[in-house]
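Before any comments, here is the structure.
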Amino acid sequence: MASPSESSTAPRVPERPTLDGLEAKWSAVWEADGLYRFDRSREDVFSIDTPPPTVSGSLHVGHVFSYTHTDAVARYKRMRGMEVFYPMGWDDNGLPTERRVQNHFGVRCDPSVPYDPDFQPPEEADAKEPVSISRPNFVELCLRLTESDEQAFESLWRTLGLSVDWSMTYTTIGKLAQRISQRSFLGLLERGGAYQLEAPTLWDVDFQTAVAQAELEDRERPGAMHRVRFAGEGAGEALIETTRPELIPACVALLAHPDDPRHSALVGSEVLTPLFGTRVPVMSHPAVEQDKGTGLVMVCTFGDLTDVMWWRELGLPVRSVLGPDGRLLEVPWGEPGWESDDLERAREHYGELSGRTINQARRRIVELLEASDDLIGEPQPVNRAVKFFEKGERPVEIVTSRQWFIRTIEHREKLLERGRELQWHPPYMRARFEDWVNGLTGDWCVSRQRFFGVPFPVWYPIDAAGAILYDQPIAASAEQLPVDPSTDVPDGYDASQRGQPGGFAGDPDVMDTWATSSLTPQIAGQAGEDPELFAKVFPMDVRPQAHDIIRTWLFSTILLSQLDYEELPWRNAAISGWVLDPDRKKMSKSKGNVVTPIHLLEEHGADAVRYWAANGRPGTDTAFDAQQMKVGRRLAVKLLNASKFALADLPAPGQELTHPLDRALIARLARVVGEATDSFEAYDYARALERAESFFWWYCDYYLELVKGRRYDPGPEVSASVSLALRVSLSVFQRLFAPFLPFVCEEVWSWWQEGSVHRAQWPEAQELAAMAADAGAGAGSKNAEARREAVALEVTAEVLSEVRKAKSQARRPMRAPVERVVVHDTAERIDALELGAGDLRLAGAIEALESTVDEEFAVEVELAPDKG
RNA sequence: GGGCGCGUAGCUCAGUGGGAGAGCGCUCGCUUCACACGCGAGAGGUCGCAGGUUCGAAACCCGCCGCGCCCACCA
């Protein structure tokens with residue numbers, strides 16, 4: 001603990017302390033001093049896997065909220081003597097940036113275009129006629145646009161007071177991130193952890209890319225249920241219900257539950273699809289739900305994931321009608337797989353659908369079914385949840401395509417085990433992880449048919465006939481990384497062989513953005529680049545993040561760490577909640593209720609905004625509340641003024657706490673420090689703040705008022721003890737609040753201490769307790785005496801409160817003199833009150849203080865007559 | 001339908017076996033020598049509902065209701 005009594009320089013307290021300008025003043029000093037610079041020579045490292053915010057627009061108040069939580073913990077750990085590894089990353093990789101660049105510059109990425117080193121974007125962006133440019137040129141524009149965003153973000157974070165080491169900033173599209181992502185992928189490929197497959201894949205028809213299960217969300221959409229007749233032979237007709245009649249040409253079977261008596265006669269027979277006359281078998285499967293629709297379900301390739309399951313399990317053929325652009329394909333009627341009992345009719349009907357979008361085709365086929373009398377009754381409107389790509393605008397479809405996958409399903413048990421090893425804060429968040437892992441239905445599809453991302457570092461040979469040999473990928477060599485196979489050339493080939501028979505072709509895809517951001521511990525720690533650093537920081541101590549991305553970011557980081565290192569990437573996961581608007585809805589741009597952080601910081605000050613954020617308990621969603629920021633500002637102002645009072649012209653401190661109330665105060669403070677420390681150790685910053693804050697207000701309202709008389713006493717024998725107690729308590733409060741209110745704490749600390757409060761040692765409960773006890777009564781009766789003193793502080797404060805109440809009710813000023821006070825209380829408390837009687841008389845302006853033993857606590861107050 | 005969380009004063013929330021609390025807001029008062037960006041006081045609640053365990057339940061158990069999130073649900 002710092003020794004305030006030994007401070008050499010006299011405190012320099014401003015005449016009128018203010019919060020104004022503290023952010024600019026101290027953030028400049030911190031930067032100049034390199035206060036938060038990571039010192040890699042230190043042993044006790046505390047490493048943080050900072051979430052890199054998406055650089056696609058602006059930071060919002062939710063970011064301020066959760067990053068403040070992390071910063072409070074970082075500052076606490078630093079004061080505990082840990083060397084904190086606290087980098088910042090920018091997630092500039094991915095779709096949001098692509099979209100901005102396309103609109104901003106009027107360009108379109110075409111991976112087949114060669115790189116033009118002298119390329120300049122068009123003067124005037126024309127979104128209607130975008131210029132086609134190569135992937136490297138496109139990426140350069142993405143980088144140019146994100147750079148200015150990143151500067152704005154950094155400036156905001158500095159104003160908020162994040163104690164980040166800005167010399168360690170990384171981006172998820174930077175060369176380092178690309179190298180690490182590609183190296184990780186090549187390792188997986190070599191060990192068989194990644195594979196390529198032509199398979200039914202979740203597909204967004206607008207972006208024309210594969211998407212992963214984790215990127216889906218449900219949206220309620222109106223639809224209609226159609227009852228449709230399939231003609232049968234002998235056993236009669238079959239009725240099914242469907243919301244997707246446009247997939248009837250893609251129907252490959254009808255299914256019934258094996259125990260369903262209504263359809264048992266049909267099972268094993270064949271029926272004809274309406275309009276197209278294709279023969280499809282009627283089969284049974286236990287997953288069919290008898291109480292849905294007619295109990296007969298149409299299996300198409302592919303309407304949904306259940307179709308994929310049935311198709312796979314029953315070995316059904318593929319009859320694909322949907323193209324990657326969301327329109328119905330031309331199909332070869334009459335060829336294998338496209339048989340019909342009436343080819344002419346099938347061709348005619350399908351011709352009405354071919355080339356149309358899904359919605360157009362659906363409307364048209366309903367008309368055709370009505371005309372052919374195969375639609376039974378009117379379509380019934382229904383609302384049902386439909387799967388969307390979370391950034392998409394039309395439902396996801398299932399399209400067969402060639403994609404890269406990372407083996408996930410087979411590691412399920414191991415992942416659950418890792419989830420149990422991880423310390424979750426709060427602990428119940430683990431359930432979300434387990435639910436997700438248990439609900440996985442397939443391996444992780446990591447390839448995306450996009451541009452601004454990390455390319456797959458592979459090429460494929462082209463045989464003499466011009467066919468690309470996807471099953472013989474040519475991996476980039478370690479020295480080549482990072483590579484862009486759309487412009488770089490594999491070893492043993494030259495550029496002229498690109499796309500030629502006997503030559504090579506680059507893999508055109510990029511990795512899922514989560515595949516890169518799931519390597520943030522490796523990127524920040526420079527895995528494979530700086531082995532010494534990586535060994536120091538990995539596994540990291542904590543991953544802070546919000547609960548909505550447990551299934552994506554948290555899950556895939558654990559997965560990749562397991563696959564690459566067979567261990568957890570971090571020991572703790574600190575899960576923050578969301579910021580809700582006052583209507584309890586999640587704040588988001590689309591709802592138009594976002595409050596910009598810059599405005600907040602300007603209006604309330606960084607400490608006040610941080611105070612509000614730090615009140616949000618771990619994992620708990622918190623309502624946006626400007627009122628709480630005002631409370632935070634009050635606390636900061638109070639700290640300024642209490643510090644001014646305690647330090648201004650303070651008499652010389654003694655060596656010992658000779659007064660019982662001073663000892664009791666320090667003893668209580670020791671308990672508060674203990675609680676705050678325990679809370680921080682459990683990542684409960686909110687509780688640490690709450691404990692420190694509520695005691696601080698009590699300290700200001702009661703202790704400071706009680707000791708004012710002694711503090712102003714000119715006799716050093718009277719003021720020495722209180723002077724010491726004020727210095728000790730003030731020093732503790734300034735440090736307790738430093739993780740939450742870094743600016744005001746640094747300010748008041750600078751009035752009387754050397755160095756930064758943020759590198760000062762966190763207060764020790766044990767030392768404070770010992771200080772209070774050592775100065776106490778002689779050996780043998782220490783416990784009894786300490787208890788008597790604790791009671792004394794308590795009773796003295798309670799009596800003062802009663803005296804105030806009497807004055808308030810008499811509408812008299814607080815300094816109004818009191819002729820006589822009679823305290824009724826138990827013998828123990830009256831005995832203890834003696835210890836505080838002197839301070840109490842001064843604080844309450846009490847002439848005569850008397851007491852009488854009684855069961856009930858009561859205070860009689862006789863005010864002096866009002867002379868006014 | 002399954003999982004998790006939540007339900008305490010007008011608002012935001014703390015409280016996990018014994019006294020129902022804090023801050024804000026509201027009302028009243030006080031220029032008080034650190035602070036009017038202040039200080040003091042007051043009003044305000046059958047702790048979602050109904051059972052159970054217990055000497056004792058806001059808290060523990062069961063059921064229900066309501067809200068939120070995640071997952072499943074496209075026949």
Checklist outcome for this item: B:rC6 -> Watson-Crick or G-U wobble partner, both distances under 3.5 Å, gives B:rG66
Using a cutoff of under 3.5 Å, can you pull out all pairs of nitrogen or oxygen atoms linking the protein to nucleotides 21-23 of chain B, with atom names and distances?
none

Checklist outcome for this item: Answer for the Watson-Crick or wobble partner of B:rC33, both distances under 3.5 Å, is none
Next on the checklist: What residues from residues 635-646 of chain A pass a heavy-atom cutoff of under 4.0 Å to RNA chain B?
Outcome noted: A:Val637, A:Lys638, A:Asn641, A:Ala642, A:Lys644, A:Phe645
Checklist entry - Taking CG from A:Leu216 and P from B:rC73, how many angstroms apart are they, rounded to a whole number? => result 10 Å
Checklist entry - Considering only B:rC30, B:rA41, B:rC70, which nucleotide approaches the side chain of A:Arg551 most closely? => result B:rC70
Checklist entry - Checking all strands, does A:Leu296 fall into the base, sugar-phosphate, or nothing category for heavy-atom contacts under 4.0 angstrom? => result sugar-phosphate
Next on the checklist: Show the nearest heavy-atom pair for residues A:Leu254 and A:Met298, with the distance to one decimal.
Outcome noted: CD2-CA, 3.7 Å
Checklist outcome for this item: note: A:Glu675, atom CD; B:rG15, atom P; distance rounded to Å ~ 12 Å
Next on the checklist: So, does A:Arg815 get its side chain near the phosphate of B:rU32, meaning an N or O under 4.0 Å from OP1 or OP2?
Outcome noted: yes
Checklist entry - Picking from B:rA75, B:rC70, B:rC30, which would you name as closest to the side chain of A:Lys292? => result B:rA75
Checklist entry - Rounded to the nearest Å, what distance is computed from the CG atom of residue A:Asp304 to the P atom of nucleotide B:rA75? => result 8 Å
Item to check | Whole-Å P distance, B:rG68 and B:rU8 | outcome: 15 Å
Next on the checklist: Can you tell me how far apart CG (A:Leu375) and CD (A:Glu378) are? Round to the nearest 0.5 Å.
Outcome noted: 7.5 Å
Item to check | Nearest-Å distance for atom pair CD1/C1', residues A:Ile358 and B:rC74 | outcome: 13 Å
Next on the checklist: Return the pairing partner of B:rU54 with a 3.5 Å limit on both distances, Watson-Crick or G-U wobble; otherwise return none.
Outcome noted: none
Checklist outcome for this item: Considering only heavy side-chain atoms of A:Ala623, the closest of B:rA75, B:rU12, B:rG29 is B:rU12
Item to check | Side-chain touch A:Val609/A:Met629, heavy atoms, less than 4.5 angstrom | outcome: yes
Checklist entry - OP1, OP2 of B:rA72 versus side-chain N and O of A:Lys387: anything below 4.0 Å? => result yes
Checklist entry - Roughly, in whole Å, what's the span from CH2 in A:Trp436 to C1' in B:rC70? => result 10 Å
Next on the checklist: Over all strands shown, is A:Ser801 touching base, sugar-phosphate only, or nothing at heavy-atom distances under 4.0 angstrom?
Outcome noted: sugar-phosphate
Checklist outcome for this item: Of B:rG3, B:rC74, B:rA75, the nucleotide closest to the side chain of A:Val288 is B:rA75
Next on the checklist: When you compare the side chain of A:Leu726 with that of A:Tyr703, does any pair of heavy atoms fall below 4.5 Å?
Outcome noted: yes
Checklist entry - Counting side-chain heavy atoms from C-beta on, which of B:rG5, B:rC24, B:rA75 comes nearest to A:Tyr428? => result B:rG5
Item to check | Integer angstrom distance from the C1' of B:rC73 to that of B:rG66 | outcome: 23 Å
Item to check | Per A:Thr306 side chain, nearest of listed nucleotides B:rC39, B:rC74, B:rG5 | outcome: B:rC74
Item to check | Identified pairing partner of B:rC73, criterion: Watson-Crick or G-U wobble below 3.5 Å | outcome: none
Next on the checklist: For a quick test of reading the model: is some side-chain N or O of A:Thr620 closer than 4.0 Å to OP1 or OP2 of B:rU12?
Outcome noted: no
Checklist entry - Has A:Arg711 got its NZ or CZ under 6.0 Å from the middle of the six-membered ring of A:Phe645, at an angle within 45 degrees of the ring axis? => result yes
Next on the checklist: Applying a 4.0 Å non-hydrogen cut-off, can you work out what A:Met298 is touching in the nucleic acid: base, sugar-phosphate, or nothing?
Outcome noted: nothing
Item to check | A:Phe680/A:Phe740 under ring pair (Phe, Tyr, Trp, His ring centres under 6.0 Å): CA gap, chis, key distance, verdict | outcome: CA-CA 12 Å; A:Phe680 258 127; A:Phe740 306 105; 5.5 Å; yes
Next on the checklist: How many whole angstroms separate atom CG of A:Asn615 from atom P of B:rU12?
Outcome noted: 14 Å
Next on the checklist: Less than 6.0 angstrom from the centroid, inside 45 degrees of the normal: does A:Arg432 satisfy that with respect to the ring of A:Trp424?
Outcome noted: no
Next on the checklist: Under a 3.5 Å cut-off for both contacts, is B:rG42 paired Watson-Crick or G-U wobble with anything, and if yes, with which nucleotide?
Outcome noted: B:rC26
Checklist entry - Could you walk me through whether A:Tyr683 and A:Gln423 pass the side-chain hydrogen bond (donor to acceptor under 3.5 Å, both in side chains) check? => result CA-CA 10 Å; A:Tyr683 288 83; A:Gln423 298 290 312; over 6 Å; no
Checklist entry - Mapping A:Pro395 and A:Tyr702 to their closest nucleotides on RNA chain B, which lands nearer the 5' end? => result A:Tyr702
Checklist entry - Heavy atoms under 4.0 Å, any strand shown: does A:Lys630 hit a base, just sugar-phosphate, or nothing? => result nothing
Next on the checklist: Over all strands shown, is A:Arg687 touching base, sugar-phosphate only, or nothing at heavy-atom distances under 4.0 angstrom?
Outcome noted: sugar-phosphate
Checklist entry - Is A:Leu635 close to A:Leu639 at the side-chain level, that is, under 4.5 Å between some pair of heavy atoms? => result no
Next on the checklist: Is the distance between the ring centroids of A:Trp578 and A:Phe65 under 6.0 Å?
Outcome noted: no
Checklist entry - So what does A:Met225 hit on the nucleic acid, given a heavy-atom distance under 4.0 Å: a base, only sugar-phosphate, or nothing? => result sugar-phosphate
Item to check | Value rounded to 0.5 Å, distance of CD in A:Gln734 from OG in A:Ser643 | outcome: 4.0 Å
Item to check | Nearest-angstrom distance from the residue atom CZ of A:Phe65 to C1' of B:rU12 | outcome: 12 Å
Next on the checklist: The side chain of A:Glu690 is closest to which nucleotide in this list: B:rC74, B:rA14, B:rG68?
Outcome noted: B:rA14
Next on the checklist: Under 4.0 Å from OP1 or OP2 of B:rA75: is there any side-chain N or O of A:Thr243 that close?
Outcome noted: yes
Checklist entry - What is the distance from atom CZ of A:Arg430 to atom CD of A:Glu434, rounded to the nearest 0.5 Å? => result 4.5 Å
Checklist entry - Using a cut-off of 4.0 Å on non-hydrogen atoms, how would the nucleic acid contact of A:Glu705 be classed: base, sugar-phosphate, or nothing? => result base
Checklist entry - A:Lys805 has an atom NZ; how far is it from atom C1' of B:rA43, in whole Å? => result 13 Å
Next on the checklist: Once you apply a heavy-atom cut-off of 4.0 Å, does A:Asp701 come out as touching a base, just sugar-phosphate, or nothing?
Outcome noted: sugar-phosphate
Next on the checklist: If you only use heavy atoms from C-beta on, which nucleotide in B:rC39, B:rC69, B:rC74 is closest to the side chain of A:Trp697?
Outcome noted: B:rC39
